[in-house]
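Read the structure below first, then the notes.
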Amino acid sequence: MSKPLILVVNDDGYEAKGLEAMVEIAKTFGEVVVVVPDRTQSATSHAITMNVPLRVNLYKTIDGVPYYRTNGTPTDCMKLGEKVVLKGRQIDLVLSGINHGSNSSVSLLYSGTMAAAIEATFDNIPAVGISLQDYSADADFTACVHYGKIIVRQVLEKGIPPYISLNVNFPKVPLEDIKGIKITRQTKGYWHEDMEEHIDAMGRKYYWLSGYLVNTDNKEDSCEWALQHNYISIQPVQVDMTAYEAMKDIKFLEDEFKR
């Protein structure tokens with residue numbers, strides 16, 4: 001049997017340590033092709049490039065794995081991987097990450113890592129985004145690689161539901177302190193944000209976004225609870241954002257039009 005074809009993408013760029021950790025996971029199971037941004041693209045969400053030409057170039061090959069980089073976003077990486085680099089071939093799995101910093105709670109909505117994984121599901125390609133709750137450039141991905149191989153093996157063998165991607169988040173703890181895996185839902189919360197004012201060398205004001213997550217939800221089935229208690233959080237994610245329960249609550253708008 002031929003090996004699965006695995007496309008690896010990320011949002012931290014081609015120099016990120018987490019990328020090599022993800023490639024290590026992917027190489028265990030199949031043929032690997034890498035398409036990543038040429039610079040950090042964190043928090044770009046599902047942005048796509050439409051105002052400048054997109055370029056994608058092979059910049060190295062290591063142990064048979066070709067690495068491509070592009071001036072595009074993480075979502076562009078997925079599109080270029082499928083439509084250009086691997087055109088005409090069936091991708092069996094997309095792995096996005098490993099991201100420096102968690103994509104739990106509302107961070108999921110800002111995440112370029114998860115946007116690339118979600119983009120894969122548009123064409124019903126199974127996808128897994130992996131993130132570590134550590135923003136440092138020299139983060140320790142030992143636990144991610146160990147358990148990532150277990151998760152990917154299970155996904156390849158048993159599959160995941162159609163048009164679904166998995167948002168996998170690891171706590172920032174050593175391998176031996178991981179308690180297990182929890183299937184979770186998105187934690188309710190929001191980012192408390194500030195615009196820090198600074199002055200540049202020309203005396204002009206500029207602003208730097210800062211903030212912190214406000215967790216308004218501490219239930220045991222939430223992703224933040226799992227991370228706080230040293231569990232790996234795995235959350236199934238779908239594209240459909242319709243608030244079905246609210247549809248009946250705004251029915252009055254439709255009724256008003258009928259009068």
Side-chain angles (χ1 to χ4, degrees), residues 1-38 41 56-70 74-101 103 111-121 123-132 134 139-160 164-170 175 178 181 232 234 237:
M1 294 180 63
S2 61
K3 292 182 177 181
L5 177 58
I6 302 175
L7 175 62
V8 172
V9 295
N10 78 355
D11 76 354
D12 286 322
Y14 72 101
E15 296 181 306
K17 183 179 178 182
L19 173 61
E20 297 310 319
M22 186 65 96
V23 171
E24 183 179 345
I25 293 171
K27 285 169 58 178
T28 305
F29 302 100
E31 177 188 354
V32 181
V33 175
V34 175
V35 181
V36 289
D38 62 7
Q41 292 272 9
V56 60
N57 299 291
L58 179 70
Y59 69 95
K60 68 178 180 180
T61 300
I62 299 178
D63 296 331
V65 176
Y67 288 72
Y68 294 82
R69 61 187 173 196
T70 174
T75 301
D76 292 328
C77 291
M78 174 58 216
K79 291 178 181 292
L80 288 166
E82 181 183 16
K83 307 297 185 183
V84 178
V85 176
L86 296 172
K87 185 177 181 179
R89 300 188 64 189
Q90 177 61 48
I91 300 171
D92 296 296
L93 180 66
V94 170
L95 295 178
S96 189
I98 297 170
N99 191 65
H100 293 248
N103 281 310
S111 170
T113 299
M114 282 309 299
I118 292 168
E119 179 70 22
T121 68
D123 289 331
N124 200 23
I125 301 172
V128 179
I130 300 180
S131 304
L132 171 64
D134 187 345
D140 182 2
F141 291 96
T142 303
C144 296
V145 172
H146 177 84
Y147 284 101
K149 289 179 180 179
I150 295 172
I151 292 167
V152 170
R153 179 180 292 109
Q154 291 296 307
V155 167
L156 287 171
E157 290 180 357
K158 299 180 181 179
I160 53 179
I164 295 294
S165 60
L166 300 183
N167 181 20
V168 180
N169 284 282
F170 280 79
L175 171 62
I178 297 286
I181 291 173
I232 301 164
I234 301 183
V237 176

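Applying the side-chain hydrogen bond (donor to acceptor under 3.5 Å, both in side chains) test to Tyr68 and every residue at least two apart in sequence or in another chain returns nothing. Remark: Ile234 pairs with Ile151, Leu166, Val168, Ile181, Ile183, Ile232 by the side chain to side chain contact (heavy atoms under 4.5 Å, CB included) rule, at least two apart or across chains. In this structure, the ring pair (Phe, Tyr, Trp, His ring centres under 6.0 Å) partners of Phe141, at least two apart in sequence or on a different chain, are His100. Lys27 is linked by a salt bridge (Lys or Arg N to Asp or Glu O under 4.0 Å) to Asp63, counting only residues two or more places apart in sequence or in another chain. Residues that satisfy the salt bridge (Lys or Arg N to Asp or Glu O under 4.0 Å) test with Lys83, not counting sequence neighbours, are Asp123. In this structure Tyr14 satisfies the ring pair (Phe, Tyr, Trp, His ring centres under 6.0 Å) test together with Tyr59, sequence neighbours excluded. Remark: Ser131 pairs with Asn103 by the side-chain hydrogen bond (donor to acceptor under 3.5 Å, both in side chains) rule, at least two apart or across chains. A search for side-chain hydrogen bond (donor to acceptor under 3.5 Å, both in side chains) contacts involving Asp134 returns Ser136, not counting sequence neighbours. Scanning for side-chain hydrogen bond (donor to acceptor under 3.5 Å, both in side chains) contacts around Asp76 gives Thr49, Thr73, with sequence neighbours left out. Residues passing the salt bridge (Lys or Arg N to Asp or Glu O under 4.0 Å) test with Glu31 are Arg89, sequence neighbours excluded.
Taking every heavy atom of both residues into account, Met78 and Ala116 meet most closely at CG-O, 3.7 Å. Across all non-hydrogen atoms, the minimal contact from Pro66 to Val32 is CD-O, 3.3 Å. Of all heavy-atom pairs spanning Gly129 and Met114, the tightest one is CA-SD, 3.8 Å.
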Legend entry - Trace of the side chain to side chain contact (heavy atoms under 4.5 Å, CB included) decision for Ile98 with Phe170: CA-CA 10 Å; Ile98 297 170; Phe170 280 79; over 6 Å; no
Inset, instruction - Could you go through the side chain to side chain contact (heavy atoms under 4.5 Å, CB included) check for Ile91 and Glu82 one step at a time? - result: CA-CA 7 Å; Ile91 300 171; Glu82 181 183 16; 4.1 Å; yes
Legend entry - Step-by-step side chain to side chain contact (heavy atoms under 4.5 Å, CB included) determination, Gln90 to Leu5: CA-CA 7 Å; Gln90 177 61 48; Leu5 177 58; over 6 Å; no
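Considering only heavy atoms from C-beta on, Asn10 comes within 4.5 Å of Pro37 through its side chain. Between Val128 and Val152 there is no side-chain heavy-atom pair separated by less than 4.5 Å. Val9 is not listed as a side-chain neighbour of Glu119, based on a closest heavy-atom distance of 4.5 Å or more.
The backbone N or O of Thr113 lies less than 3.5 Å from a partner atom in the side chain of Ser96, making a donor-acceptor pair. Listed for the Thr121 side chain is no donor-acceptor partner under 3.5 Å among the backbone atoms of Ala117.
For the atom pair Asp140 CG and Leu132 CG, the distance stands at 8.0 Å (nearest 0.5 Å). For the atom pair OG (Ser165) and CD1 (Ile160), the distance works out to 7.0 Å, reported to the nearest 0.5 Å. Between Ile130 atom CD1 and Asn169 atom CG the span is 10.0 Å, to the nearest 0.5 Å. Atom CD1 of Ile6 is separated from atom CE of Met22 by 10.0 Å, given to the nearest 0.5 angstrom. Interatomic distance, Cys144 SG to Ile178 CD1, rounded to the nearest 0.5 Å: 7.5 Å. The CD1 atom of Ile118 sits 10.0 Å away from atom CD1 of Ile164, with the distance rounded to the nearest 0.5 Å.
Within the structure, salt bridge (Lys or Arg N to Asp or Glu O under 4.0 Å) contacts touching residues 7-18 (residues at least two apart or in different chains) do not occur. Each side chain to side chain donor-acceptor pair (under 3.5 Å) pair with one or both residues in residues 143-157, not counting sequence neighbours, appears once here: Gln154-Lys158.
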